[in-house]
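Naming convention: chains lettered A, B, ... in sequence-line order (proteins, then strands); numbering from 1 in each chain.
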Protein chains: 2
Amino acid sequence: MRRPTLEVVAARAGVSRSSVSRVVNGEATVAPEIREVVMRAVRELGYVPNAAARNLVTRRTHAVAVVVADPPQGVVSDDPLFSTVVRAVSRELEAAGKQVVLMLAESDRSRARVEEYVAGGHVDGVMLVALHGTDPLPAALARTGLPVASFNRTCAPDVPYVELDNAAGAALAVRHLLERGRRRIATITGPLDLFEARERLDGYRAALRDTGRRSIVALGDFTRASGAEAMRQLLEDDPELDAVFAANDLMAIGALRTLRQVGLRVPEDVAVVGFDDIEAAAYTVPALTSVRSPMADQARATVRLLLGLIEGGSRDRVVMPNALVVRDSS
Amino acid sequence: MRRPTLEVVAARAGVSRSSVSRVVNGEATVAPEIREVVMRAVRELGYVPNAAARNLVTRRTHAVAVVVADPPQGVVSDDPLFSTVVRAVSRELEAAGKQVVLMLAESDRSRARVEEYVAGGHVDGVMLVALHGTDPLPAALARTGLPVASFNRTCAPDVPYVELDNAAGAALAVRHLLERGRRRIATITGPLDLFEARERLDGYRAALRDTGRRSIVALGDFTRASGAEAMRQLLEDDPELDAVFAANDLMAIGALRTLRQVGLRVPEDVAVVGFDDIEAAAYTVPALTSVRSPMADQARATVRLLLGLIEGGSRDRVVMPNALVVRDSS
DNA sequence: CTGAAAGCGCTTACAG
DNA sequence: CTGAAAGCGCTTACAG
């Protein structure tokens, strides 16, 4: 049962295809009685315009690719932020009448697919999420000539992006710990090929440097397991430490677990602060102090940036502010 | 800078458009020297076939819509399962050469958009996730004539689906608690307009009925907050209860929080069991016993079901088994 | 094995 | 305001 075409609707309504097209596209220059009769035919036949035909001539797809360029270990898409970001982006794009085409770029093969897909004219623009700092994908996509915006910082010079003020957020956490009287403040970093992770580490270092204290650093990869492991490492390195700033909440949750296992009390013995303020932060024991990054806001900002580019707007970089949510862990 | 067309490639290679098309589509019936010269032209010009033109004539899009039909409160897409499911589905579809078009169906307006999009021939098939039992969307989509498969049970008679054996999973949890010597076992349900929630409640009831014990039920909606609230309610209703089965882990996490707040020990005073075995279950205090539902497997099964339908296969219903992961909370 | 031609279902100047 | 016609960029019988 083939779907009816414009042709069929025109025949039914006794008008030309042009007129049907105009009515369907809501053009003003149509006589009321023609509009009327066309609308009826459309309704009766259950006519829906064929997308491919329309795209072919208009060169507009009303679709946007959201490319989640996940590092191999799946840091980001395993993250609670994944759903927050994907949802916020979807809602915003939908409100703007754009369809979301979700693409996971993991393997080299899937990256090649993404490039081909975008170059094939399937979408009007591309939004990138969660890139390695050195990911070549942004630059490759920018080369297609389509509008591209990134949810986080990239190193492609011509791809505008939105980002958190990661360094400032980290500094906020460290200063809070200092105010609480903590002396030996360690940090657990994210994977340092991500800008976010590097910037949060920088913020931590800068805040400590201001007070002449030394850094105590363990590497993590943004997963709970790595946070637990890094905490163990830190305690070995410096049994005297009295605070830890984890570069995201998942690692902070892992750190809490290790501290409990070795019998250290939080916050009495060791204070813990995370980053992102995911929903689970309010449900840890004790509840986790965290830097709140308004992910949904960031997602909205990126969408607006991209929509602006599609409409031919400017390519400004946007930086989102942070706040600290103090709970029981510090 | 318009992208080169088949025409341009043909001119460059000095052959017909037909030949270029054949080479690009990997047809066997092409002389090696023609293939050679076409490939070179393609490479030099950076030719990528226009998707709209191709779809228009082949009536194939190589795309699949993944429709997350979330209840208004956003139960599902706030859920850690969202990312698990979306990722597993994306990977599987990508491996099959299908593009994922993610659509959130929340408001009536966005539901209408989904229907129109699907009817417009944008996709080869539809995968539904997270429906109310009474959601009219599955039936509406089935009416477009396109292949539709659901990640969970629906009430549309002609939409095949994959589902967990929810009742059996719940019964597993209850029997485990009985074996541990618990006498007064309560449950916190999910929103009862979801089949999953109803079936888990049924399983709980059936398992208790077998032993002649009575049900103690509080309603939740699959969120942490509702779990915390329901737990409070249960303790008021029956201060003697010694176990609770929450219909998902998030609510179990909320229940743990309430129990801690009122000074009850887990599992000494009250044992807690959840459902889904999300990653966070291993990180609660105490670590949460949970019914493991192989989400990724379920996602894969649904994708295979849908791909089968697209290829013209059968419409079998699939039921996935469950297991219990025993941790410290019971 | 190759090419000329028709056609997929739309939109959009262009006349009238 | 309306319609006839061209054209978007491809694929695919059909001849040869």
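- Side chain to side chain, A:Asn50 and B:Arg59 fail the donor-acceptor criterion of an N or O pair below 3.5 Å.
- Counting any heavy atom pair closer than 4.0 Å across all strands shown, A:Ser18 reaches a base atom.
- You'll find that the side chain of A:Leu56 is closest to D:dG9, out of D:dG9, D:dT2, C:dT12.
- Here the nucleotide nearest the side chain of B:Ile34, chosen from D:dG7, C:dG7, C:dT2, is C:dT2.
- Distance, B:Asn25 CG to C:dC1 P: 17 Å, rounded to whole Å.
- The distance between atom CD of A:Glu33 and atom P of D:dC1, rounded to the nearest whole Å, is 11 Å.
- Set against C:dT11, C:dG3, C:dC8, the side chain of A:Arg54 has C:dT11 as its closest nucleotide.
- Side chain of A:Val15, nearest nucleotide from C:dC1, D:dG9, D:dG3: D:dG3.
- Atom-to-atom, CD of B:Glu36 to P of C:dC1 comes out at 17 Å; the value is rounded to the nearest Å.
- When each of A:Arg17 and A:Val30 is assigned the nucleotide of DNA chain D bearing its nearest heavy atom, the one mapping closer to the 5' terminus is A:Val30.
- In a base pair of the Watson-Crick type (N1 to N3 plus N6-O4 or O6-N4) or a G-U wobble (N1-O2 and O6-N3), with each distance short of 3.5 Å, D:dA13 is matched with no nucleotide.
- Between the side chain of A:Asn152 and the backbone N or O of A:Glu163, no donor-acceptor pair lies under 3.5 Å.
- Contact check, A:Asn55 against C:dC10: no side-chain N or O comes under 4.0 Å of OP1 or OP2.
- In the displayed structure, A:Glu27 atom CD is contacted under 6.0 Å by more than 12 heavy atoms of other residues, nucleotides or ligands.
- For the pair A:Ala301 and A:Val162, the tightest heavy-atom approach, listed with the atom from each and the gap, is C-CG2, 3.9 Å.
- When every heavy atom of A:Arg12 is checked against every heavy atom of A:Ala41, the shortest pair comes out as CG-CB, 3.7 Å.
- Side-chain atoms of A:Arg3 and base atoms of C:dG9 include no donor and acceptor less than 3.5 Å apart.
- Put simply, B:Ser16 has a side-chain N or O that comes within less than 4.0 Å of OP1 or OP2 on C:dG3.
- When rounded to the nearest whole Å, the span between NE2 of A:His122 and C1' of D:dC10 equals 13 Å.
- For the pair B:Ser21 and D:dC10, the criterion of a side-chain N or O lying under 4.0 Å from OP1 or OP2 is not met.
- Taking only side-chain atoms of A:Arg22, from C-beta outward, the nucleotide of D:dC10, C:dC14, D:dT12 with the closest atom is C:dC14.
- Here OG1 of B:Thr302 is found 10.0 Å from CD of B:Glu92. Values are rounded to the nearest 0.5 Å.
- Side-chain proximity of B:Ala53 to the nucleotides C:dG3, D:dG3, D:dC10 is greatest for D:dC10.
- Here the nucleotide nearest the side chain of B:Asn50, chosen from D:dC10, C:dC10, D:dT11, is D:dC10.
- Listed nucleotides: D:dC10, C:dG9, D:dT2. Nearest to the side chain of B:Leu6: D:dC10.
- Listed nucleotides: C:dT2, C:dG9, C:dC10. Nearest to the side chain of B:Arg59: C:dG9.
- Nearest to the side-chain atoms of A:Ser19 among the listed nucleotides D:dG3, C:dG9, C:dC10 stands D:dG3.
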